[in-house]
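Report on the structure given below.
None of the values given here were measured: they were computed from a predicted structure.
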Amino acid sequence: MGDSASSSSSSSVHRSLVADLLLWRNRTGAVILLVSSTAFWFLFERAGYNLLSFVSNVLLLLVAILFLWAKSATLLNRPLPPFPNMEIPEEFAIKSADEIRILINHVLSIPSDITIARNPIRLLQVSFVLWAISYVGTLINSLTLVYIVVLLSLSVPVVYENYQEHIDDKLSSTSEVIRNISRKIPMPVSKEKKYQ
């Protein structure tokens with residue numbers, strides 16, 4: 001019981017940190033995220049860098065700096081560079097794998113919901129999302145799309161928090177219109193055939 005309470009409290013703390021970041025309550029973190037994502041987008045999209053060559057050059061620079069630091073430390077009788085223990089804790093790996101498994105199982109349940117349960121609303125939702133992803137993918141590359149997602153994640157929660165009542169009113173009226181339209185779509189009647 002103690003483990004579930006501690007994992008739920010750490011999960012709520014993690015969600016609180018993310019919410020503070022996205023709602024700009026942690027201004028320093030939000031600015032760092034915005035500036036770093038803009039710098040990465042400019043570096044890879046406009047300057048023409050390749051992600052693999054950039055990562056390998058940065059790692060090469062870090063390894064060379066650490067090597068030179070360690071060699072100069074032995075020559076000058078100085079302490080070696082601080083190097084943290086770089087291991088992934090087993091608890092973190094198990095928790096991450098469990099959350100990924102739950103997500104994958106949810107995604108894998110969608111096709112059975114469409115085919116076995118014959119849910120036309122779910123079919124329309126999945127079709128629309130896949131079509132939208134395909135259409136957006138033809139217009140822009142994936143790096144620009146990730147950059148737009150970061151910008152939207154930093155701006156949409158703040159706008160929603162400031163104008164929540166107006167947005168909720170518009171979304172409820174839109175939801176009602178969509179429900180009225182979906183009620184007019186004829187639902188298939190399941191007729192089971194008997195085999196002898």
Side-chain angles (χ1 to χ4, degrees), residues 11 14-15 17-24 29-59 92-93 95-164 166-191:
S11 177
H14 179 69
R15 287 186 186 129
L17 293 174
V18 172
D20 288 346
L21 184 71
L22 294 179
L23 292 172
W24 287 75
V31 167
I32 288 172
L33 179 63
L34 179 64
V35 169
S36 63
S37 62
T38 302
F40 277 116
W41 178 79
F42 181 78
L43 187 68
F44 295 128
E45 185 66 26
R46 295 293 172 209
Y49 256 95
N50 186 343
L51 178 65
L52 185 60
S53 63
F54 176 76
V55 169
S56 65
N57 286 336
V58 167
L59 289 176
F92 175 76
K95 183 178 177 185
S96 299
D98 194 38
E99 289 179 9
I100 290 171
R101 181 188 58 83
I102 291 170
L103 178 68
I104 290 173
N105 284 341
H106 176 71
V107 169
L108 292 176
S109 71
I110 292 173
S112 68
D113 190 29
I114 292 172
T115 57
I116 295 172
R118 297 181 184 167
N119 188 345
I121 302 299
R122 180 59 64 102
L123 174 66
L124 290 174
Q125 289 171 340
V126 169
S127 299
F128 178 74
V129 167
L130 291 176
W131 174 81
I133 290 171
S134 172
Y135 183 73
V136 169
T138 61
L139 297 177
I140 56 178
N141 66 11
S142 50
L143 182 64
T144 303
L145 184 62
V146 169
Y147 180 64
I148 289 171
V149 167
V150 168
L151 290 180
L152 287 176
S153 68
L154 288 173
S155 59
V156 170
V158 174
V159 170
Y160 181 74
E161 188 178 50
N162 291 335
Y163 302 104
Q164 183 174 2
H166 300 296
I167 293 172
D168 286 345
D169 289 342
K170 297 297 181 187
L171 286 177
S172 66
S173 63
T174 304
S175 175
E176 188 61 36
V177 168
I178 290 173
R179 267 193 229 113
N180 289 337
I181 290 173
S182 68
R183 286 184 192 139
K184 293 178 183 178
I185 297 174
M187 299 295 275
V189 178
S190 90
K191 295 180 182 178

Checklist entry - Hey, is the main chain of V149 close enough, under 3.5 Å, to the side chain of S153 for a donor-acceptor pair? => result yes

Checklist entry - For the atom pair CG (L171) and CD1 (I178), what is the distance rounded to the nearest 0.5 Å? => result 9.5 Å

Checklist outcome for this item: Taken to the nearest 0.5 Å, the spacing of L103 CG from I100 CD1 works out to 8.0 Å

Checklist entry - Out of L154, V156, V150, which residue meets the side chain to side chain contact (heavy atoms under 4.5 Å, CB included) rule with L152? => result V156

Item to check | Gap between atom OG of S155 and atom CG of L34 - 0.5 Å precision | outcome: 9.5 Å

Item to check | Any pair counted as side chain to side chain donor-acceptor pair (under 3.5 Å), so long as it reaches residues 32-42, sequence neighbours left out | outcome: T38-Y147, W41-T144

Checklist entry - How many angstroms lie between atom CD of Q164 and atom CG of D169, to the nearest 0.5 angstrom? => result 10.5 Å

Next on the checklist: Checking the side chain of S109 only, and the main-chain atoms of H106 only, is there a donor and an acceptor separated by less than 3.5 Å?
Outcome noted: yes

Next on the checklist: Looking at every heavy atom in both N180 and R183, which two are closest together, and how far apart are they?
Outcome noted: OD1-NH1, 3.2 Å

Item to check | Non-hydrogen side-chain atoms of Y160 and D168 separated by less than 4.5 Å | outcome: yes

Checklist entry - R179 versus S175: any side-chain heavy-atom pair under 4.5 Å? => result yes

Checklist entry - Partners of Y163 by side chain to side chain contact (heavy atoms under 4.5 Å, CB included), sequence neighbours excluded? => result V159, H166, I167

Checklist entry - Run the salt bridge (charged side-chain N to carboxylate O under 4.0 Å, His left out) check on D98 and K95 step by step: do they pass? => result CA-CA 5 Å; D98 194 38; K95 183 178 177 185; over 6 Å; no

Checklist outcome for this item: Rounded to the nearest 0.5 Å, the CD1 atom of I110 sits from the CG atom of N105 at a distance of 11.5 Å

Checklist entry - Considering residues, nucleotides and ligands other than F44, do more than 12 of their heavy atoms fall under 6.0 Å from its CZ? => result yes

